[in-house]
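A quick write-up on the structure given underneath.
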Amino acid sequence: MRSANELQVTRDEKALILAYDHGLEHGPVDFADVPASADPETVFDVATHDAVTAFAVQKGLAEAYYPSYEDDVTLLAKLNGTSNMWRGEPDSAVNWSVENAADLGAEAIGFTLYGGSNNEVEMAEEFRDAQEAARDHDMGVVMWSYPRGQGLKNDTSASTIAYASRLGLELGADITKIKYPGSADAMQWACDVAGNTKVVMSGGSKTSDREFLETVETAMKAGASGLAVGRNIFQRENPTELLDALEQIIFEDKTTDEALTMISSVKSSADVTSH
C-alpha cells in the first residue's frame with residue numbers, strides 16, 4: 001500500500017474528492033434542482049477549485065471533457081457503476097479498464113464494492129484485478145465501500161459501517177469511502193479499524209450548509225481524512241462558497257462557525273465591491 005503522501009489525489013494527506021458519477025448511478029433527477037449541473041463542463045469548472053484534490057467521473061465524461069481540463073483537474077477514474085434502473089441484487093458493472101484510464105491521465109481509480117450483496121465475491125475479485133493493475137500503473141486506489149444487499153438487516157449500523165471501512169484495508173485500498181455512521185464515536189471506530197487506509201466520508205443527499213459542515217467537522221475530528229462529495233456541492237447555486245468552507249474545515253482545521261463566518265465575510269466584501 002502506498003503512503004498517503006505519495007497519492008496524487010491528496011493534499012497534506014487529506015482528500016476532498018468531488019464525485020460526479022451521479023448521471024449514471026442516479027440519473028438526471030439529481031440535476032433537476034440546478035439544471036446547469038447536468039452540463040459536465042459546469043461541474044468540471046467547479047472541480048478546478050483549489051480545495052478539490054480529485055474529480056471522480058465515469059469513462060464517457062472523462063473521455064469527452066477531461067482533455068480540456070487536464071492541467072487544472074486531478075482525474076479519479078470511477079471504473080464501475082450501474083444505472084438506477086437496475087432492480088437486481090446490488091452489483092456494479094465494470095465499465096472502464098485501468099489501462100485505458102491510465103492512458104487518459106487518471107491519477108487514481110475508484111471502485112464500488114457492495115459488501116453483503118449476493119454479488120460480493122464477484123465484485124471483490126473484480127476489485128482485485130483493478131487494484132493490482134492500478135499498482136502496475138502507480139495509481140491510487142479508492143474504494144466506495146457500501147454494504148448493501150438482501151442479506152443485510154441494517155446496512156447503516158455503526159458495526160456495518162466499520163466493517164465496510166475494514167474491507168478497504170483488507171482488500172488493498174489507499175482510501176475508503178464510507179457513509180457517516182451517525183456519531184463521532186462510531187466514526188472514530190470506523191477510522192481506527194481502517195489501519196493505514198485513509199477513510200473519507202460520503203457526502204450523501206443535500207442538506208443545509210450548517211448541517212453538512214458540522215457533520216464533516218465531526219468526521220474530521222473523529223479521524224477521517226476528508227470527504228467524497230457530489231450532491232452537496234453541485235446541487236447548490238453557488239458551489240464554490242461551500243467548497244471554500246470545506247477547505248477551511250478539512251485542510252485548515254477550522255470549526256463550522258469559523259468557516260461560515262469566513263464565507264459570509266467574503267460574500268459581504270464581494271457585494272460591496274460589486275456596488
Side-chain angles (χ1 to χ4, degrees), residues 1-21 43-57 62 66 69-78 101-102 104-111 134-135 137-145 165 168-169 173-178 180 187 190-191 194-203 209 212-230 232-234 236 239-256 258-260 262-263 266:
M1 183 182 300
R2 303 194 308 176
S3 62
N5 60 7
E6 293 176 327
L7 292 175
Q8 297 301 311
V9 295
T10 60
R11 168 179 142 195
D12 299 329
E13 300 190 11
K14 299 176 182 178
L16 200 172
I17 298 168
L18 179 59
Y20 187 55
D21 54 342
V43 187
F44 265 91
D45 286 341
V46 174
T48 64
H49 192 287
D50 288 342
V52 177
T53 61
F55 189 40
V57 293
Y66 176 67
Y69 290 87
E70 60 184 356
D71 293 334
D72 302 304
V73 171
T74 300
L75 178 62
L76 194 164
K78 186 62 169 61
L104 193 60
E107 295 287 357
I109 63 165
F111 200 99
R135 295 294 183 243
H137 289 279
D138 197 31
M139 300 166 73
V141 178
V142 182
M143 177 188 287
W144 272 237
S145 191
S165 178
L169 170 67
D174 297 304
I175 298 173
T176 303
K177 177 187 177 187
I178 61 171
Y180 182 67
M187 190 69 191
C191 293
N196 289 332
T197 296
K198 298 297 181 183
V199 173
V200 297
M201 188 189 87
S202 171
D209 288 0
F212 181 59
L213 292 173
E214 286 178 343
T215 303
V216 174
E217 179 188 356
T218 299
M220 294 300 296
K221 289 180 177 178
S225 295
L227 176 70
V229 58
N232 267 291
I233 297 298
F234 67 73
R236 281 175 161 77
T240 59
E241 284 186 3
L242 192 64
L243 283 172
D244 288 341
L246 287 169
E247 184 169 26
Q248 294 298 306
I249 292 172
I250 294 173
F251 299 104
E252 304 297 334
D253 298 322
K254 301 297 185 182
T255 66
T256 296
E258 289 172 329
L260 288 172
M262 183 275 298
I263 63 173
V266 169

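A quick note: this is a predicted structure, and the numbers were derived from the prediction, not measured. Start at 1 with the first residue, then count along the sequence.
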**Message:** Applying side-chain hydrogen bond (donor to acceptor under 3.5 Å, both in side chains), can you list everything that pairs with Arg11, at least two apart in sequence or on another chain?
**Reply:** Glu247
**Message:** Working to the nearest 0.5 angstrom, can you tell me the gap between Leu76 CG and Ile17 CD1?
**Reply:** 5.5 Å
**Asked** Considering residues at least two apart in sequence or located in another chain, which fulfil the side-chain hydrogen bond (donor to acceptor under 3.5 Å, both in side chains) criterion with Thr256?
**Response** Glu217
**Asked** Is any side-chain heavy atom of Arg135 closer than 4.5 Å to a side-chain heavy atom of Val141?
**Response** yes
**Stepwise side-chain contact (heavy atoms from CB on, under 4.5 Å) test for Glu241 and Arg236** = CA-CA 9 Å; Glu241 284 186 3; Arg236 281 175 161 77; over 6 Å; no
**Message:** Going by side-chain contact (heavy atoms from CB on, under 4.5 Å), name the residues that satisfy it together with Thr218, two or more places apart in sequence or in a different chain.
**Reply:** Tyr180, Ala184
**Partner residues of Phe111 under the ring-ring contact (aromatic ring centres under 6.0 Å, His included) criterion, sequence neighbours left out** = Phe127
**Prompt:** Do Leu18 and Val73 touch side chain to side chain, with heavy atoms closer than 4.5 Å?
**Reply:** no
**Asked** Just how far is it from atom CD1 of Ile178 to atom CH2 of Trp144, taken to the nearest 0.5 Å?
**Response** 13.5 Å
**Asked** Which residues satisfy the side-chain hydrogen bond (donor to acceptor under 3.5 Å, both in side chains) test with Glu258, sequence neighbours excluded?
**Response** Thr255
**Asked** Between Val142 and Lys78, is any pair of side-chain heavy atoms under 4.5 Å apart?
**Response** no
**Message:** My understanding is that only residues two or more places apart in sequence, or in another chain, count here; which of them pass salt bridge (charged side-chain N to carboxylate O under 4.0 Å, His left out) with Asp12?
**Reply:** none
**Request:** Determine whether Thr10 and Lys198 make a side-chain contact, defined as any pair of heavy atoms from C-beta on separated by less than 4.5 Å.
**Result:** no
**Shortest non-hydrogen contact from Ala219 toward Met201** = CB-SD, 3.9 Å
**Prompt:** How far does NZ of Lys221 sit from CE of Met187, to the nearest 0.5 angstrom?
**Reply:** 14.5 Å
**Closest non-hydrogen atom pair, Ser202 against Leu227** = C-CD1, 4.4 Å
**Message:** I need the minimum non-hydrogen distance between Cys191 and Ala224, along with the two atoms involved.
**Reply:** SG-N, 3.5 Å
**Message:** Can you tell me which residue among Ile263, Leu213, Asn232 is in a side-chain contact (heavy atoms from CB on, under 4.5 Å) with Leu246?
**Reply:** Leu213
**Request:** Applying salt bridge (charged side-chain N to carboxylate O under 4.0 Å, His left out), name anything that partners Lys254, two or more places apart in sequence or on another chain.
**Result:** none
**Asked** How would you list, by chain and number, every residue that makes a side-chain hydrogen bond (donor to acceptor under 3.5 Å, both in side chains) with Lys177, sequence neighbours excluded?
**Response** Tyr146
**Request:** Output all residues satisfying salt bridge (charged side-chain N to carboxylate O under 4.0 Å, His left out) with Asp72, sequence neighbours left out; order by chain, then residue number.
**Result:** none
**Prompt:** For the residue pair Thr176 and Gly168, what are the closest heavy atoms and their distance?
**Reply:** OG1-CA, 3.2 Å
**Request:** Grab the two heavy atoms, one from Tyr66 and one from Leu104, that are nearest each other, plus how far apart they are.
**Result:** CE2-O, 3.5 Å
With a cut-off of 3.5 Å and sequence neighbours excluded, list every side-chain donor-acceptor pair involving residues 46-57.
{"unit_1": "Thr48", "atom_1": "OG1", "unit_2": "Asp45", "atom_2": "O", "d": "2.6"}
{"unit_1": "His49", "atom_1": "ND1", "unit_2": "Ala51", "atom_2": "N", "d": "2.9"}
{"unit_1": "His49", "atom_1": "NE2", "unit_2": "Asp244", "atom_2": "OD1", "d": "2.7"}
{"unit_1": "Thr53", "atom_1": "OG1", "unit_2": "Val9", "atom_2": "O", "d": "2.8"}
{"unit_1": "Thr53", "atom_1": "OG1", "unit_2": "Leu16", "atom_2": "N", "d": "3.0"}
{"unit_1": "Thr53", "atom_1": "OG1", "unit_2": "Leu16", "atom_2": "O", "d": "3.3"}

**Request:** To the nearest 0.5 Å, tell me how far Leu169 CG sits from Met143 CE.
**Result:** 10.0 Å
**Request:** Identify the two heavy atoms, one from Gly226 and one from Ile250, that lie closest to each other, and give their separation to 0.1 Å.
**Result:** CA-CG2, 4.3 Å
**Message:** For the CD atom of Glu70 and the CG atom of Leu75, what is their distance to the nearest 0.5 Å?
**Reply:** 10.0 Å
**Message:** What's the separation between atom CG in Leu242 and atom CG in Asp209, rounded to the nearest 0.5 Å?
**Reply:** 5.5 Å
